[in-house]
Amino acid sequence: MAKYILKRILYLFLTLFIIATITFFLMKMLPGTPFSNQNRLSPEQLAIVKAQYGLDQPILIQYIRYIGGLFQGNLGTSFQFNNEPVTQLIGQRLAPSMQIGAQAMILGTILGILLGAIAAIRKNTWVDTLATFVSILGISIPSFVLAVLLQFYLAYKWHIYPVALWDNFQSSVLPTIALAALPLGNVARFMRTEMVDVLSSDYIELAKSKGNSEWQVVVKHALRNSLIPIVTIIGPMAVSTMTGSMVVENIFSIPGIGEQFVKSITTNDYPTIMGLTIFYSFLLILVFLVVDILYVLIDPRIRLGNGGNE
Amino acid sequence: MEIPQIPKDKFKFLNNEGNKEQEKIGTPSLTYMQDVRRRLFQNKVAVVCLTLLSLIVLISVFAPIIAPYNPNAQHATLSNLPPKLGNLNIPGFNGYQNMGGKMVDAYQQVHAPKGTYYILGTDYLGRDLLSRIIYGTRLSLIVAVLATLVDLLIGIPYGIVSGWKGGMTDNVMQRIVEIVSSVPNLIVVILMMIILKPGLISIVLAIAITDWVTMARLIRAQTFQLKEQEYVLAARTLGESSTKIATKHLIPNLSSTIIIQTMFTIPNAIFFEAFLSFIGIGIPAPNASLGTLLSDGQKAFRFLPYQMWAPAIILSIIMIATNLLGDGLRDAFDPQSSD
């Protein structure tokens, strides 16, 4: 197990290196210059600015410098935000994104598991229909539509929550709900399918025939085995939460990395785009790694390392 | 040893009329696909969704005939008009608008020609919203279908090969999957916009390039499970080639997974297109997609909510219908999974 994890961590850095290389050369291909006021800069001034950021060097030298910087935890300097180091920029903006992202995923997963389990236990009743309908709505309605609707009704019309503000827990409620809908729907859907399967298996029959109550059977036997596929969708869930947060953060004016990312794309802020790409990638690969380890821990039937080839 | 000859007349027919009756097949035998179709049409929700989606697809296909106006024609004087349905006085569809706390006929205020009406109103450039939604839906559906096709073409073979081969091949293929899936979609999209022109094809490619990963992952995981099955082992023992096992044994058993995932992919592609257009890097103006309409509507949502509702509702209906139809198809293809 330890060897496996070590190997995966090694791969993690290899993957990051490849991603850093690809994004670096892609960013060099992007049109436009980061200096939006270039028309007013004389050629001499432009040369000075370019030299300041090392953009006058050949691309290969720039690349080696960039990768060298990465090893020292240096993601470069932002072109737009007062010459701030990108790492500092990310550091300042990480907390709000992490908070709403984590809140949304936890809320969505817990409610989704409950909803899916209840739907499976009360299969083919009105409870099941209602739960299925709720999960379909969660999957179907885009997070930004939900965000705008929540903002319009709960904030703008009824004044329950702030419209667009970031200070206390109150202001994180609406973005959390907007982002939690998708994980909720997905988890509930997977949970129901899986739980229905599990509930009709032999060991559940055995547990029932041993005289366990329905509650005991569900909690002790069915739930644990039904949770396995949920673990596999945590990775994609993290991806969609990140994607969603980019626009939800914009709608609610949350100073997070998602909002930063969209802004840096429109301003050609290469170092910030690259830095955030690498950072996002790091987070996602880490999530996938943790998920794979969890998967093995939860289900001993899955074999490690060789991918179960034997 | 000599075989004794038995004269024919020693044989006689057994009277088994009763048996024949028992062994008669009462119902016509159905092929697998007929069976699937029968189960699908028994599912009322699926039928409703199928009808609804067919209707939406038909409207999109015949958009040039059905749309009442040119979706990109601007009428500066007739901008931001509320919905009006002929001369029928239905609240919300009578051309009245709340202005300073009073309901006023917006059509009269801008001196719209008599008989002019827009069922869903007009946008800030005076373009007919209904026509824009019809054309927008068309564009969104095209993006979704194309992206899904590309997705299937890459994802299925990739997943099967990765899962079947295992070992080093699987390892390398999974690292590639990791790299692809860990680069944020937006980066890939911007890349596409550079290599190609901004527009339909770049969006389709961008969505497909990031989306096939999920399909490949699921197919791989399923292949792992399937190849441990007895019938696959039997096929292997009998010396069946890998390609044949894949097409004869794996794909039929993967079909439910593929269909369920496809039904996730279509709404996902629609969502992603809407997301890109909403941010402002999707379908370029003046063409409409559900995403750009939503984004336009959202900007004016506080004062002109009708501009947001229509695309939001159509988008939600398409998504809900595809999801529910996916459920129906899953139950039809694989009745064991439903109960």
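Atom set for the values below is all heavy atoms of this structure, side chains included, hydrogens, waters and symmetry mates excluded. Protein chains get the first letters and strands the later ones, always in sequence-line order, with residue 1 at the start of each.
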- What closest approach, in Å, do B:Met319 and A:Pro142 show between heavy atoms, and which atom pair accounts for it? CE-CG, 4.2 Å
- Identify the two heavy atoms, one from B:Ser316 and one from A:Ser140, that lie closest to each other, and give their separation to 0.1 Å. O-CB, 4.4 Å
- Note on the structure: Interface check, chain B: of A:Leu12, A:Val287, A:Asn250, A:Val247, most non-hydrogen pairs under 4.5 Å belong to A:Val247
- Quick one: are B:Phe271 and A:Leu182 in side-chain contact, heavy atoms under 4.5 Å? no
- Task: Pick one of side chain, backbone, both or neither for B:Leu315, based on which atoms fall under 4.5 Å of a heavy atom in chain A.
- Result: side chain
- Message: Return the CD1 to OG1 distance between A:Ile233 and B:Thr214, rounded to the nearest 0.5 Å.
- Response: 11.5 Å
- Query: Which distance, rounded to the nearest 0.5 Å, do you find between the CZ of B:Arg175 and the CG of A:Leu14?
  - Reply: 9.0 Å
- Are any of the side-chain heavy atoms of A:Phe133 and B:Ile320 separated by less than 4.5 Å? no
- Item | Validation row: A:Arg189, B:Asn323 side chains within 4.5 angstrom (heavy atoms) | yes
- Message: With a 4.5 angstrom heavy-atom cut-off, is it the side chain or the backbone of A:Leu137 that approaches chain B, or both, or neither?
- Response: side chain
